[in-house]
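So the structure is just underneath, and the comments pick up after that.
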Number of protein chains: 2
Amino acid sequence: MRIDLEAAAPAWRQIADQLRAALVSGQLRPGAQLASVRELALDLGLNHNTVAEAYRQLAAEGFLQLERRTGAVVLERKSPRPPAGEQERFAVRLRTLLAEARAAGVPASALQSALRRAVEELS
Amino acid sequence: MRIDLEAAAPAWRQIADQLRAALVSGQLRPGAQLASVRELALDLGLNHNTVAEAYRQLAAEGFLQLERRTGAVVLERKSPRPPAGEQERFAVRLRTLLAEARAAGVPASALQSALRRAVEELS
DNA sequence: CACGCTGTCTGCATTATACAGACAGGATGC
DNA sequence: GCATCCTGTCTGTATAATGCAGACAGCGTG
């Protein structure tokens, strides 16, 4: 796990994003015990409150259970009904991301293979 | 063009992102004249400085020429050599975006078809 | 019953954002 | 000639977000 303090996205969101990816992909299964906010903060070179903010975000999404003595535990979570327009918002963000990559000079062929790989990983 | 002031991304970045998508896709061709910062700001319900910040961002990327009297004009721009690791950064952001969409409840099949559509649009 | 470990809360310094308004320069109209 | 208008730019400011330091609260353990 890697955090870039210079990035536009705040550190707590980067932490939440990377943990969410691990949760959705099944690398973190229900019942798993996460590192304490201070442990992970020390590991990342951040303040414990920054990690706590990320944990609270994932708890609000239903992924984690936070308790005083127990720490952060992965919950069972059924996929929610997608809010209206969620699919369209994804399409817009995907187009934006592709435009940024093409503007940075990444060839279209490389983007296509990355997209095809993503399609396969979703199966 | 639509701006959401409540979104996490700042307004000037949303403007730049949407204009960049239009530039990369060829909807805005070299020589085209953009709306003045005040015109577009009025159209979006924002301050002219917010639009100017977006224009400066695109100018720094080589897309626009900004001049006092002339306004904002689309430049010819050869795609730069992609910085090292740019392709990998794209892959990471794509995975993050997909994880977020799946967490929001968008079914994998919908994501796959959106990805396939994006592959075709890149040809 | 003191200690240690957990997440939570309050307060603070810094930075980013969006805005209001003044400025600069060059074309246009009288 | 010269006022006027339209362009992007610059300065200053109020507000919110961010990351951090440190204190607090609950609960198991020795």
Side-chain angles (χ1 to χ4, degrees), chain A residues 1-20 23 28 30-75 77 96, chain B residues 1-20 23 28 30-75 77 96:
Chain A
M1 193 149 144
R2 180 165 297 176
I3 301 302
D4 177 14
L5 275 181
E6 308 304 315
W12 66 265
R13 189 181 303 274
Q14 294 179 47
I15 299 170
D17 284 347
Q18 295 183 37
L19 285 178
R20 191 186 302 106
L23 287 161
L28 281 174
Q33 178 80 43
L34 266 63
S36 76
V37 291
R38 285 172 179 81
E39 276 179 355
L40 183 51
L42 195 64
D43 183 30
L44 298 175
L46 297 173
N47 187 273
H48 60 273
N49 288 309
T50 305
V51 177
E53 181 67 25
Y55 279 15
R56 272 190 290 269
Q57 171 66 32
L58 293 173
E61 295 177 17
F63 282 108
L64 297 184
Q65 180 186 37
L66 300 180
E67 218 158 340
R68 295 248 171 205
R69 178 65 182 172
T70 319
V73 179
V74 179
L75 287 176
R77 174 186 189 263
T96 302
Chain B
M1 192 150 145
R2 182 163 297 175
I3 301 302
D4 177 15
L5 275 180
E6 308 304 315
W12 67 265
R13 188 181 304 274
Q14 294 179 48
I15 299 170
D17 284 347
Q18 295 183 37
L19 286 178
R20 190 186 302 107
L23 288 161
L28 282 173
Q33 178 80 44
L34 267 64
S36 75
V37 292
R38 284 171 181 80
E39 277 178 355
L40 183 51
L42 195 64
D43 183 31
L44 298 176
L46 297 173
N47 188 272
H48 60 272
N49 289 308
T50 304
V51 176
E53 181 67 25
Y55 278 16
R56 272 191 289 269
Q57 171 66 32
L58 293 173
E61 296 177 16
F63 282 108
L64 297 183
Q65 181 186 36
L66 300 180
E67 218 159 340
R68 294 240 169 212
R69 180 64 182 173
T70 319
V73 178
V74 179
L75 287 176
R77 174 186 189 263
T96 302

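The structure displayed is predicted, hence computed values, not measured ones. Side chains are part of it too, since the values below use all heavy atoms of this structure and drop only hydrogens, waters and symmetry mates. Sequence lines set the chain letters: A, B, ... in the order given, protein chains first and strands last, and positions in each chain run from 1.
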Would you kindly give the [atom1]-to-[atom2] distance between [X] and [N], to the nearest whole Å?
X: B:Asp4; N: C:dT17; atom1: CG; atom2: P; result: 15 Å
X: A:Leu34; N: C:dC5; atom1: CG; atom2: P; result: 19 Å
X: A:Leu40; N: C:dC5; atom1: CG; atom2: P; result: 17 Å
X: A:Gln57; N: C:dT8; atom1: CD; atom2: C1'; result: 17 Å
X: A:Gln33; N: C:dG7; atom1: CD; atom2: C1'; result: 12 Å
X: B:Leu66; N: D:dT7; atom1: CG; atom2: P; result: 13 Å
X: B:Arg56; N: C:dA16; atom1: CZ; atom2: P; result: 15 Å
X: A:Leu44; N: D:dC20; atom1: CG; atom2: P; result: 10 Å

Apply the test side chain to side chain contact (heavy atoms under 4.5 Å, CB included) to residues A:Leu19 and A:Leu28: give CA-CA distance (whole Å), side-chain angles for both, the deciding distance (0.1 Å), then the verdict. CA-CA 8 Å; A:Leu19 285 178; A:Leu28 281 174; 4.2 Å; yes
Could you pull out all residues at least two apart from [X] that satisfy side chain to side chain contact (heavy atoms under 4.5 Å, CB included)?
X: A:Arg68; answer: none
X: B:Arg56; answer: B:Ala52, B:Glu53, B:Leu66
X: B:Gln33; answer: B:Val73
X: B:Ala7; answer: B:Asp4, B:Gln14

For the helix from C:dC1-D:dG30 to C:dC30-D:dG1, measure the angle between the helix axis at one end and the axis at the other, each built from five pairs, rounding to 10°.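 Rounded value for the end-axis angle: 10°.
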Name each donor-acceptor pair under 3.5 Å that joins a side chain in residues 34-46 of chain A to protein atoms two or more places apart or in another chain, with its distance.
unit_1	atom_1	unit_2	atom_2	d
A:Ser36	OG	A:Glu39	N	3.1
A:Glu39	OE1	A:Ser36	N	3.4

It should be established whether A:Thr70 places a side-chain nitrogen or oxygen under 4.0 Å from OP1 or OP2 of nucleotide C:dT6.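 Answer is no, no contact under 4.0 Å.
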Nearest-0.5 Å distance, CG of residue B:Asn47 to CH2 of residue B:Trp12: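 The distance works out to 15.5 Å.
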In Å, rounded to the nearest 0.5 Å, how long is the span from CD1 of B:Ile15 to CD1 of B:Ile3?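 Going from CD1 on B:Ile15 over to CD1 on B:Ile3, the span is 4.5 Å.
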Review item, nucleotides 18-23 of chain C N/O atoms under 3.5 Å of protein N/O:
unit_1	atom_1	unit_2	atom_2	d
C:dA18	OP1	B:Ala11	N	2.5
C:dA18	OP2	B:Ala11	N	3.3
C:dC19	OP2	B:Asn47	N	2.9
C:dC19	OP2	B:Thr50	OG1	3.1
C:dA20	OP2	B:Asn47	ND2	3.1
C:dA20	N7	B:Asn49	ND2	3.2
C:dA20	N6	B:Asn49	ND2	2.6
C:dG21	O6	B:His48	NE2	3.0
C:dG21	O6	B:Asn49	OD1	3.4
C:dG21	O6	B:Asn49	ND2	3.1

NA contact type, A:Glu53, heavy-atom cut-off 4.0 Å: base, sugar-phosphate, or nothing?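 Since no nucleic acid heavy atom lies under 4.0 Å of A:Glu53, the category is nothing.
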Distances under 3.5 Å only, N/O to N/O: pair up the protein atoms with those of nucleotides 27-29 of chain C.
none

One pair to check against side chain to side chain contact (heavy atoms under 4.5 Å, CB included): A:Arg20 and A:Asp17. What are the steps and the verdict? CA-CA 5 Å; A:Arg20 191 186 302 106; A:Asp17 284 347; 2.9 Å; yes
For B:Arg2, does its backbone N or O pair with a side-chain atom of B:Gln18 as donor and acceptor, under 3.5 Å?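 Judged by distance alone, yes, a pair lies under 3.5 Å.
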Not counting sequence neighbours, which residues clear side chain to side chain donor-acceptor pair (under 3.5 Å) with A:Gln57? List them please.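 Partners of A:Gln57 under the side chain to side chain donor-acceptor pair (under 3.5 Å) test: A:Glu61.
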